[in-house]
Amino acid sequence: MKLTIFAATGGIGRQLLEQAVAAGHDVTAVARNPRDLVAAATRVVTADLASADAAALQPAVEGADAVLSALGARTRADAGVAARGTKAITQAMRAAGVRRIIVVSAAPIGTVPSPGRPHPPRHDPGDGLVVRYLADPIVKRMLREHYADLARMEDMLRGSDLDWTAVRPPRLTDKPVTGRYRTAYGQNIRRGLFISRADVAHYMLWALDQPATFQQTVGIAG
Ligand SMILES: NC(=O)c1ccc[n+]([C@@H]2O[C@H](COP(=O)([O-])OP(=O)(O)OC[C@H]3O[C@@H](n4cnc5c(N)ncnc54)[C@H](OP(=O)(O)O)[C@@H]3O)[C@@H](O)[C@H]2O)c1
């Protein structure tokens with residue numbers, strides 16, 4: 001397939017790039033620091049997604065069968081980049097006639113209020129008592145801005161007419177790819193506290209041509 005990978009220099013992004021190239025896909029890698037790319041893409045596009053507009057991104061998605069994005073704020077200075085950058089990406093996709101996009105969100109987002117979902121469920125049905133009453137409140141306080149950004153990104157996709165999938169992993173690790181993980185539509189995975197970046201990328205590449213994953217959030221865990 002012809003794929004465009006945004007944030008191809010991040011933990012998941014590098015895995016997406018390596019695994020997609022190894023699988024023989026024709027890959028356009030988009031990065032703000034292309035020197036940090038770890039595998040040889042067919043094409044490299046430089047873009048800072050905090051400021052890029054749709055017109056600037058259109059050449060990167062033109063002719064793609066699908067777009068994969070592992071974009072997320074690395075530092076406080078990047079706050080808001082997931083929603084802003086993904087909006088520009090989807091506008092560029094619409095202009096180029098590309099419909100399929102898979103992005104990385106996070107496990108707690110199903111219960112984070114946002115302008116599009118001001119009253120989400122109080123608890124995710126996949127979360128056990130420890131996550132609901134101990135881990136979730138702490139992590140949500142620590143990563144408030146980051147999660148608000150991801151929730152707005154999901155809002156934007158939900159309101160779009162694209163074939164989107166938002167993958168919601170729990171804590172990420174750098175363990176190798178296994179291809180063995182559990183997934184669930186619209187909810188987290190019971191006792192699923194970790195997954196490797198490599199396995200998230202593995203799932204995203206698998207889901208590319210799976211219509212059952214369109215317009216879905218997907219809980220995933222090892
Ligand atoms: N850490 C966890 O345990 C965890 C758990 C659940 C979900 N998540 C979500 O998963 C996402 C991906 O995880 P990860 O480990 O792959 O993250 P990461 O290594 O921090 O990668 C973030 C990527 O976003 C890019 N980026 C950030 N701001 C940008 C900008 N203004 N313009 C262009 N690119 C920009 C980074 O580019 P540079 O390489 O140039 O910085 C990098 O490629 C996270 O951002 C988070 O939202 C994380």
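Computed from a predicted model, the values in this text were never measured in an experiment. In listed order, ligands and their atoms are each counted from 1.
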For this session: Please determine if Arg168 and Glu154 form a salt bridge, counting it only when a charged side-chain N lies under 4.0 Å from a carboxylate O.
Result: yes

Exercise. Among pairs that include at least one residue of residues 108-153, which meet ring-ring contact (aromatic ring centres under 6.0 Å, His included), considering only residues two or more places apart or in two chains?
Worked result: His123-Tyr133

Problem set entry | Interatomic spacing from CD1 in Ile89 to CG in Leu49 - rounded to 0.5 Å | 5.0 Å

Exercise. Should side-chain heavy atoms under 4.5 Å link Ile, Leu, Val, Met, Phe, Trp and Tyr, which residues sit in the same cluster as Ile189?
Worked result: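 None; Ile189 is a cluster of one.
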
Exercise. Side chains of Thr178 and Asp199: donor-acceptor distance under 3.5 Å anywhere?
Worked result: yes

Extract all donor-acceptor atom pairs below 3.5 Å that involve side chains of residues 60-70 and protein atoms in other chains or at least two apart in sequence.
{"unit_1": "Glu62", "atom_1": "OE1", "unit_2": "Gln58", "atom_2": "NE2", "d": "3.2"}
{"unit_1": "Asp65", "atom_1": "OD2", "unit_2": "Lys2", "atom_2": "N", "d": "2.7"}
{"unit_1": "Ser69", "atom_1": "OG", "unit_2": "Leu71", "atom_2": "N", "d": "3.2"}

Exercise. In order of chain and number, which residues sit within 4.0 Å of ligand 1 by heavy atom?
Worked result: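 Its neighbours under 4.0 Å (heavy atoms only) are Ala7, Thr9, Gly10, Gly11, Ile12, Arg32, Asn33, Ala47, Asp48, Leu49, Ala50, Ala70, Leu71, Gly72, Arg74, Asp78, Val81, Val104, Ser105, Ala106, His146, Leu150, Pro169, Pro170, Arg171, Leu172, Arg197, given by chain and number.
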
